[in-house]
Amino acid sequence: MPNIRARLLVVLVVLLGSLTVAGGGAPPATAAPLPGSLWFDGTPLVVRDGGFVDGEGRDVVLRGYDVSGETKLEENGGLPFASVADARKSAAALRALGGGNSVRFLLSWAHAEPARGAVDTAYLAAATDQMRAFLDAGIRVYPDFHQDLYSRHLFDTGSWYTGDGAPGWAVALGGYPKESCGICLFWGQNITQNQAVTEAQYDFWHNDHGLQDAFLDTAQQTMAYVEQHLSEAEFAGVVGFDPYNEPYAGTYDPGRTSRTWEQGLLWPFYERFRARMDAAGWRDKPAFVEPNLFWNANIDSQKQEGGLLDAGTLGPGYVFNTHFYDQKAISGILMWGNASDGQYATDFAAIRDRASAAGTAAVVSEFGHPLSGTVSGKAPTVDKAMYQALDSRVPGAGWWNDPAASGRVLSGNQWQWDIYSGRHHELMNDNPGKVRTSGDAWNDEDLSAVRLDDSGAVTLRQDARLLDRVYPSATAGTTLAFTYEDRSRDGSTTLTWNPVPGSLPNVSRLVGSGQYGLLVWRSAPGTAPTELHLPASFPASATTVVSDLGTAYAPPPYSASAPIAVAPEPGGTSSRRLLLTDPDSGVVHYALVTNGAASPPASLLSAARSELSAWAAARF
């Protein structure tokens with residue numbers, strides 16, 4: 001999690017009854033049958049060639065949100081939602097309003113194992129039922145055993161702060177000192193300054209009192225329960241498992257560094273977790289492993305060598321999983337102005353490079369910025385810059401001249417998607433005198449992209465143009481370059497960081513002041529199409545596509561003979577995807593999709609296509 005912490009710090013066989021026109025969970029035996037799907041949906045993902053690959057051999061990008069920080073609270077028993085009905089409402093909105101195709105789904109060790117050695121199957125059943133709500137909406141899931149500051153049971157009823165993660169019995173074993181962070185302005189300072197927290201973390205990584213053994217036992221039973229209580233089709237939508245949120249040593253043994261701690265303690269833990277996944281029936285799914293939480297921090301004093309440098313080639317059993325928050329922006333004093341074009345290109349390039357060196361896929365499983373407080377005014381630009389860096393390693397100012405340097409499109413999940421934002425009723429550390437209702441109701445954080453309005457409808461708290469984005473959800477081949485200009489707003493100001501250059505006048509005229517995305521890919525054998533998510537701001541009746549495969553205004557519904565077409569996203573919501581079918585292999589293709597033109601004449605489409613063809617030929 002981020003906190004105003006200046007932080008020291010599947011898609012499964014689902015819904016789609018028919019194509020639209022353009023313009024204690026129940027065991028599988030009693031589960032309702034899933035509706036049919038388009039033939040290219042619902043296959044499990046594997047890690048191959050540095051990315052996520054579906055059963056059709058396509059390069060898949062996961063985009064979505066963390067669901068939900070409610071798990072860190074007690075008001076709903078460590079579950080993301082108060083009910084399955086709320087989970088279904090949230091999932092439908094995440095697909096329709098947020099444009100997501102994946103979630104990192106939070107779980108609680110404290111609630112999974114409230115007494116040592118006794119796993120609470122009622123909790124696992126409720127969590128699995130809520131997870132199923134997202135799978136049924138065509139959203140891929142990877143669970144996460146979440147912790148922050150090790151455990152809420154370390155904190156006193158009158159404390160300024162709280163934690164989540166380990167159960168009370170685990171804390172009782174340690175005999176830790178009375179918690180105190182001293183003069184701490186941000187909750188994340190507890191990670192290194194609160195002796196109770198540092199000692200508890202240290203004990204876990206050294207398996208004192210058998211704590212790590214107990215956690216792994218519970219994790220295995222949790223994974224086995226999920227595998228046994230989801231249908232085969234549902235389980236196909238579970239991508240993998242995040243073993244442990246934001247690991248940190250607590251304190252280092254004499255002579256150890258952040259790097260040798262990762263090598264000697266963190267990586268062996270991941271290997272043990274990987275073995276438990278295999279034993280639980282998750283052999284074909286990767287562990288989403290996180291490095292030292294301070295790796296790649298963007299405040300120099302917090303940077304620590306790491307990134308699982310000594311783990312060798314991770315291979316298909318692991319995904320390199322990291323977080324990113326702009327600690328300078330969150331601090332309020334180290335970055336005075338707003339973020340700008342290319343602000344995080346270097347930071348996210350480091351993530352791409354580290355995953356590539358490790359021979360695996362990468363995911364940025366948390367990113368975001370506070371939406372209230374003194375630094376919240378930076379959120380529109382900070383979040384736009386993070387999404388821009390996920391899309392390409394090249395800033396907008398240089399993208400058209402050097403698109404081939406874009407790199408892989410990164411998967412990522414924004415923190416967070418909490419429909420109860422601002423409507424909580426959390427007794428902080430069980431103190432009835434400290435009832436938290438505002439924001440995330442946890443250590444004064446406020447990062448949820450959504451809330452419920454007074455009518456009970458899910459409503460976005462951020463600009464829909466920022467959140468609901470064009471992105472290549474499945475590329476039939478190798479992605480060579482991608483960019484998206486979302487035209488999101490900072491107040492009344494439209495943020496345009498990647499304008500179409502004047503050297504492409506007809507493309508510029510076609511796009512106008514609208515949003516646009518541009519994908520360049522090299523085709524591979526197969527018949528499955530390339531897919532791009534179409535935001536709600538791209539209704540089929542107002543969407544224009546210019547590609548070497550052809551041109552289309554208001555693309556038709558999908559058919560095997562249509563090179564450019566639209567179809568619903570899985571999940572039965574109003575979300576749609578653009579489908580691009582190429583007939584070849586090893587050929588460079590491009591596709592521009594925009595909502596900037598109203599009934600463009602054929603002559604403009606043809607002229608824009610000529611410009612883009614010449615541009616692509618010169619650069620790829």
Problem set entry | Heavy-atom donor-acceptor pair, R152 side chain to E74 backbone, under 3.5 Å | no

Exercise. R274: what forms a salt bridge (Lys or Arg N to Asp or Glu O under 4.0 Å) with it, not counting sequence neighbours?
Worked result: D278

Problem set entry | Pairwise salt bridge (charged side-chain N to carboxylate O under 4.0 Å, His left out) hits with a residue in residues 284-296, at least two apart | R104-E290

For this session: Could you pull out all residues at least two apart from Q462 that satisfy side chain to side chain contact (heavy atoms under 4.5 Å, CB included)?
Result: L371, D383, Q414, A449, L466, L467

Exercise. Do S575 and E569 get their side chains close enough for a donor-acceptor pair, meaning under 3.5 Å?
Worked result: no

Exercise. Please, which pairs that meet ring pair (Phe, Tyr, Trp, His ring centres under 6.0 Å) have at least one residue in residues 55-80, sequence neighbours excluded?
Worked result: Y65-W417

Exercise. Is there a side-chain contact between S151 and W109, using heavy atoms and a 4.5 Å cut-off?
Worked result: no

Problem set entry | Any pair counted as salt bridge (charged side-chain N to carboxylate O under 4.0 Å, His left out), so long as it reaches residues 312-323, sequence neighbours left out | none

Exercise. Are any of the side-chain heavy atoms of D242 and F145 separated by less than 4.5 Å?
Worked result: no

Exercise. With sequence neighbours left out, what residues match A355 under side chain to side chain contact (heavy atoms under 4.5 Å, CB included)?
Worked result: F320, A362

Problem set entry | side chain to side chain donor-acceptor pair (under 3.5 Å), paired with D486, selected from Q388, K384, R465 | K384

Exercise. Is a side-chain N or O of E426 found less than 3.5 angstrom from the main chain of E75, in a donor-acceptor match?
Worked result: yes

